[in-house]
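Only one structure is covered here, and it is reproduced in the block below.
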Amino acid sequence: MGDALGRGHPRRGPGMTQLADAGPAPSPDAAPGAERGPRRPRAVYVLGVVVLAILAYLVLSPLFYLAWRGLTTGEGFSLANISAAYSVEGTPEMLVNSFVFAFGSAAVSTVSGTALAFFCVRSNAPLKPLLYAASIVPLIIPGILFTIAWVFLLSEDVGVINILLRSVGLDFLQIDAFSLLGMALIDGMHLSPLVFLLMFAAFKATDPALEESALMSGASVPSVIRKVTLPLVRPALFGAILVMVVRGLESFETPAVLGIPSGNWVFTSRIYQALHTYPVRYDIAAIYSISLLLLTVAGLLFVQRVNRRGERFQTISGKGFRPRPLDLGRWRWPVSVLFALYFVVVVVLPVAILVWMSLLPYYQTPSIDALDTLTLRNYERMFDMPGVVDAVRNSAILAVTSATAVMLFTSVVAWFVLKSRMRGARFLETLASFPLAMPGLVLGVALIFIYLRSPLPIYGTLLILFIAYVTRYLPYGIRYATSSLGQVSAELEDSAQMSGATWRDTFRRVVVPLMAPGIVAGWVYIVVVSVRELSSSILLYSQDTRVLSVTIWELWENGETGVLAAVGVVMVVALMILVGVAYKLGARVGVRDL
Amino acid sequence: MLQVDALCKAFKEETASKHDRVHAVDDVTFTVEEGQFFTLLGPSGCGKTTTLRCIAGLERPDTGEIVVDDHVLFSHDRRISIAANERNLGMVFQSYAIWPHMNVFDNVAFPLRVGKRRRTPKAEVTERVERALNVVELGHLAGRYATKLSGGQQQRLALARALVIEPKLLLLDEPLSNLDAKLRESLRFELKRLQREQGITTVYVTHDQSEALSMSNAVAVMKDGRISQLGDPFDIYLKPANPFVADFVGTTNFIDGVVREQTPDGWVVHTADGPLTVAATSGVGVGDECVVCVRPEHVEVLRDDSSTGGDNVLTGEVQTRLFVGEAMEYQVRLPNSQLQCRTPAAARLSSGKPVSLHLPPAHCTALPRPEARAGSR
Amino acid sequence: MLQVDALCKAFKEETASKHDRVHAVDDVTFTVEEGQFFTLLGPSGCGKTTTLRCIAGLERPDTGEIVVDDHVLFSHDRRISIAANERNLGMVFQSYAIWPHMNVFDNVAFPLRVGKRRRTPKAEVTERVERALNVVELGHLAGRYATKLSGGQQQRLALARALVIEPKLLLLDEPLSNLDAKLRESLRFELKRLQREQGITTVYVTHDQSEALSMSNAVAVMKDGRISQLGDPFDIYLKPANPFVADFVGTTNFIDGVVREQTPDGWVVHTADGPLTVAATSGVGVGDECVVCVRPEHVEVLRDDSSTGGDNVLTGEVQTRLFVGEAMEYQVRLPNSQLQCRTPAAARLSSGKPVSLHLPPAHCTALPRPEARAGSR
Amino acid sequence: GSPAGGSDETAAGGDVCEGSRAVELIGETDGMDQQERQDQLVAEATETEGGEVDFYTEINDPQPVVDAFQEQYPDLTVNVYRAGSEQIRQRVLEESAANFPGADVVELDSLEMSIIDENGLLAPASSPYIDELTDAGKFENFTGDRLSYIVPVWNSGMMSADEAPTSLEDLADPRFTGRLALEGSDVFWFAGLVKYMESEEGKTRDEAVQVFRDIAANSAITSGHTTTTELVVAGQYAIAANNYIHRALELQAAGAPLEWAPVQIPVVAEITGIAVPCLSDNPAAALLLQDFVLSADGGQRLFVEEGRTPANASLAQETLGGETIEPIVVDVQEIADEYEEWATLWDEVIRGGGQG
Ligand SMILES: Nc1ncnc2c1ncn2[C@@H]1O[C@H](COP(=O)(O)OP(=O)(O)OP(=O)(O)O)[C@@H](O)[C@H]1O
Ligand SMILES: Nc1ncnc2c1ncn2[C@@H]1O[C@H](COP(=O)(O)OP(=O)(O)OP(=O)(O)O)[C@@H](O)[C@H]1O
Ligand SMILES: [Mg+2]
Ligand SMILES: [Mg+2]
């Protein structure tokens, strides 16, 4: 240090020593690249390394296992599995179907989720609470129930909606659930809450002045939305689309229930089959998920590329930022009617079917006769079931802790990705997105593999489930975190620094509160989906760590659809309350609405 | 052209008691004639921006009426409220509100690519945008992203975007506050030219008195949401209706006194520092308490060694001096008060020097004494 | 106290050719003494903000060195770069950068609740915040959310936040641009007081010449990233080093001419409108082409009916007049040029009137003729 | 070594069972009389083992069995892990590969069980109750404890009994077009029936498969037995070719308009097996539990009460609602060995279907 300062520099006052104590001034010949920016004191580097280590551990360990399984046969490394996976008859059609389905359902969920979020956050549309409910409820209904409920609503013969449409002579509006269109529609509606929550956070951060100035330029409300509002939330939007497409490619509840009967085989029905056949073809499943992984990475690179000029999306500024709804003018009522309709279709009908199912000993098409058989037995059964209390408790603990952990962790990761200006920080985002392509079952197997060999007593405890959930939901967390942090203008952090705030102060008191809408939305999403998480839970739970989703699965396996529907109804009610509370609390943290 | 009638707008205040309301605009009424340049002037937080936003249709007034060219844009009683994008007004936002996801050119071209102007031919768009950019001297930055502009460049961009529409009514909210004097001047000139050549009516918000006075056909001085005085610049400056306006529009010296008698030359006011003759009064008669107002630049500074005594001459000593470019400002201590005066920069007096001040009666006005002079902001 | 040495900062320009760079700050060097009030003055986009951000540590300079109080904050050669939050400076951002999720009080209290000042006792926080808020006249809005403030109130909030720290070095980026003259004045006064009483050194960015001249101990006039002249306010105003400074710092008339001879009174310059005697020159000798600079307020306007002819008297006619509050500004057309002059408001001349102008030699300066006077911004 | 799981598994293999206490214990107790065996096992379970037993099972509702067992042996506690066959199998394989003593008793589909068996992880089948079971349930290293009969079921509101299929081939009849559902994961059923047709009806493999091709072409392929039966109840399909009999009976009992008549079509019974892994660290308690499940007045009786078909030969008939069903005998081991071929074939068959 001394030589560094001494060399040929006449100015060398008492301050120098002090400076040397302060630290961050490496000698010039020591590590040329080590010191890159004034904004990155060493502590932040340490944190960065810790974050990277945790992330790599969580993500790469199962991934290596996966790759190893995919690329080895009994005899060692081999590409045989790849050809086995892709040489199945009908692969091209399946691929086409898959993409049609994935993009179709992504389109449905993106459009509906974005529209809902926009009108919920940024407009003065009446009936906002309805929109809000409409947006979250489908997330809460267990997937298989949602799909079944929709079969009962939309199937050609017994579908309530189709029967209604026929009776009023609107046959041409019928949509068959058992078709690619129906599949995309139903799956899209089921997944739209994910988009809704993402966009909800993004729209919260839009500076209304930008829309107002577009209005003053004479733009109509639709073109304001198209040319200003949406481009400004592009990172969130593209992120959402990416997640939706990948999810669509790997979702199998809908393709299985609706696709196979109609002959619409999709790619993931193959993974599903590979995983649900005897003996399970983990190797092939692994190949499929590696393909999916490559696709995810490609998609993510694309998203990162379109979003690369981050400052163009920074809308929470420190000057004149004043959140307020946009006056829809004459669009107010038409929009509201449209969304009331959506509400009826996506929330009221499926939930009604759910309630209906829960009140019947077996399913009957709604009719007067059926009313005689109504019974509350299913609810009694539900409360009598042994272990339900424990399962609810475990699920609650896991949901809350893993959602909290994921959101806190991904917020930090997002900060590194977007704000640290560290080289290669983008890679963290890619890394955190990997689990998106990993089927839950495979993740479960990988975790068993790892923790059976770990000296730490993690196997068979809640902790292993916690690790599984955190890993599985990292990709969602990172999307929520990056898209909301991307909208926070850098100068707000600058001004905190100028106030003398350390990194921690800045992060805790400025960054996190400003990201609050995204953090809360992500938290809500993870809480809800982790209550439903089955595919890795079922491998990892044990007597003491039963979770609710296993109970749900058992009910389904046992054909107790009535009780299951009852559970679904109770979940909808309970989680709605939780979500409500979360938002009430969340609203205290961030920028206040007007 | 523009009539604003009994406009009121209050905001909810969410502190302690729930029912507090901030009366941002409180019964504001004014008329702007076709082609006029109308200025809203007032201290920070007095409701200028809110008034402008109400006219623009971005804020929904609580009561009142806004009429442009016989079109009712808003009327509380008649339940009319035209949407902002249908009012066809141009506006510069105080916070600029330029779109970070577009470059400079696209920001300015936007108004020509949407709404009713959607069909503007491409060549015309280019030409008009370039013209607007040149006016604000940003022509060479057309391709740069808006986020990479300096503060002043952003403000000019906001101005260009409003100018490119050439609207009938232009609403400008402190459009030049971040610009240097040279640029301000050339843009003021440009604004005036547009106004004259295209008959654009302008409502201008500024905190800069000299800007307000030099550019406007009419000025409304606002205070706490209300219009304190409305008139042409000369009236506002030379015949302020109340001490608030006198004080706000340029610096003014206030000397407390009582009106003693009316003479052919005007009124005689007795002050603690001696009797003063004033040529004009407003709202005070003989026997009333009053304040005598005189502007610093009207006070003649006589070196004390020259003639002393005489009518309306007070003596004191220089306390501080301030160099403001084209002039020197002095604070002069009188026995019982303090006066500010301004002289050409060349005539330098140093602190502590005794001086005589001549207050020409023609430039002295007696106004009613305000209860509490310091208005809350 | 503050030494800035050979500071350079260029930004990548991402238009067309990839390798374009904007040299926002280009070899800037200056020193600010302890307790001084130093002003950066310059046209929009000249690099003032960037310089300030480099000092603050928010922007990483390409080369150069920044030293405060013998602490090297940044040195490219020595690879030193102290983090912004460890430099212990106060700053007001041109874009305010106030936190929208906090109320007014919390915004100001923030610096006292984080970092090294974290342990400030609660009572002291309250007291200091309230004091800072009162200085900027926002005391009554302490509980209001930052998003609900008017533009000027936001700016004052930003100022209060910087003042509350009472740092050794205060960086102010156009902190008063959205405030009215009264408030500006009282805040300027407050800033001066702080500077004097607490010995705070201030680097002040402004576009307002009179502010720069009246408040500063030293002024650096910047242009295109470089310092064009550095000196005390009198020098800058009265002895500009080049026409750019002369033009920029207050309005100046330029009359093209050639220096013909040196006389005991000064130099004689021949111009198209007649010979002029100037008392001072800078960088030109006999025979050189030059411009004669004279400030509008130094031009004496003589009604044409009074004496004509005489030394340094030009005749012309009034073209336009502009009322700027404490004065009238006239554009006067001469046979071959145009002059601007400023007289007390009371003396009114109407357009078209013939006038004679006296240019006192003492106020005329001959400067080298610039190649292209209109600098790009 | 290679990791556990997957088709290429040849896991830790025989050495797991070598020196295993479970195998030893089975040797010791083999041939003992019932009471003696029970006493020794209880003594060892409570004294040396700690009184716990880990039970991995796919029984729908294991609670009655567990409760009854714990009532009989109050000193023993059963920890249940309930999951699907694949998951149990996978978990057992992974645990064994890591030498982790997880399961003490496993109970899962015989196909999956045979994978575990192939990996040499199971102790020999041993129980005094094996003799009471149907022949179909007897294996070397595990024992069938439950059967799931697969039958066609129709919605009586949409189809009358005289429309009922008269034979397997009859399902291809046009009267079912658009009304018939075929569950698409039933490889075992398919294989069983094809083999049956080959051996009993003298058809060639191709002819037998063609029967299924015709059926598939006439039906909508569904996924999941529960869903399929549910959709028949709801009226989405009039009839489904392959359903679990116990589901139909349950729904019938609840009043659903369901009917089934298996008699004309050969019935395949899926077998669920029970076994004690060599790695078990509570082998005594494990054997007790296994004995309990297999005993007529223990688990077998409870299965009947739950509406499931036990492997106990005499109890089985009680569960079939008065029908007499003689399931066809299927060689589980053989199908397990050839599974991949069967799966591919079946896949191809149903891919020809799709009458949505
Ligand atoms: N991030 C950036 N990328 C590219 N160019 C930039 C960037 N930031 C600033 N510039 C350019 O650098 C120049 C100097 O900018 P700076 O903000 O320092 O100007 P300024 O003197 O503060 O001007 P103003 O008075 O308008 O605020 C400007 O031309 C600006 O457009
Ligand atoms: N949304 C709001 N909620 C509550 N109070 C508000 C809101 N908007 C403005 N105000 C308050 O209303 C008053 C008037 O605000 P306005 O923005 O019109 O002031 P202004 O005259 O433009 O001031 P400036 O010159 O500082 O911009 C201010 O006191 C401000 O704090
Ligand atoms: Mg304002
Ligand atoms: Mg700037």
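Residue numbering restarts at 1 for every chain, and letters A, B, ... go by the order of the sequence lines. Atom set for the values below is all heavy atoms of this structure, side chains included, hydrogens, waters and symmetry mates excluded.
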For Q209(C) and D180(B), which I'm curious about, is there any donor-acceptor pair between the side chains at under 3.5 Å? no
Suppose we screen for salt bridge (charged side-chain N to carboxylate O under 4.0 Å, His left out). Which residues come up paired with E190(B), at least two apart in sequence or across chains? R193(B)
The criterion is ring-ring contact (aromatic ring centres under 6.0 Å, His included); which residues satisfy it with Y204(B), sequence neighbours excluded?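 Y204(B): ring-ring contact (aromatic ring centres under 6.0 Å, His included) contacts with F37(B).
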Looking only at non-hydrogen atoms, find the nearest pair between H207(B) and L179(C) and report the distance.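 Heavy-atom minimum between the residues: CD2-O, 2.6 Å.
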Are side-chain heavy atoms of [X] and [Y] found at a separation under 4.5 Å?
{"X": "K182(C)", "Y": "P43(B)", "value": "no"}
{"X": "L183(C)", "Y": "S44(B)", "value": "yes"}
{"X": "R144(C)", "Y": "V22(B)", "value": "yes"}

Heaviest contributor of heavy-atom pairs below 4.5 Å to chain C, chosen from L41(B), T49(B), N178(B), I236(B), is N178(B)
Using non-hydrogen atoms only, which part of D208(C) is less than 4.5 Å away from chain B: side chain, backbone, both, or neither? neither
What's the separation between atom CD in Q94(B) and atom OG in S150(C), rounded to the nearest 0.5 Å?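 One gets 6.5 Å once the value is rounded to the nearest 0.5 Å.
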What distance do S177(B) atom OG and E174(C) atom CD have between them, rounded to the nearest 0.5 Å?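 Here the rounded value is 8.0 Å.
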Under 4.5 Å from a heavy atom of chain C, the part of E185(B) involved: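 Only the side chain of E185(B) comes within 4.5 Å of chain C.
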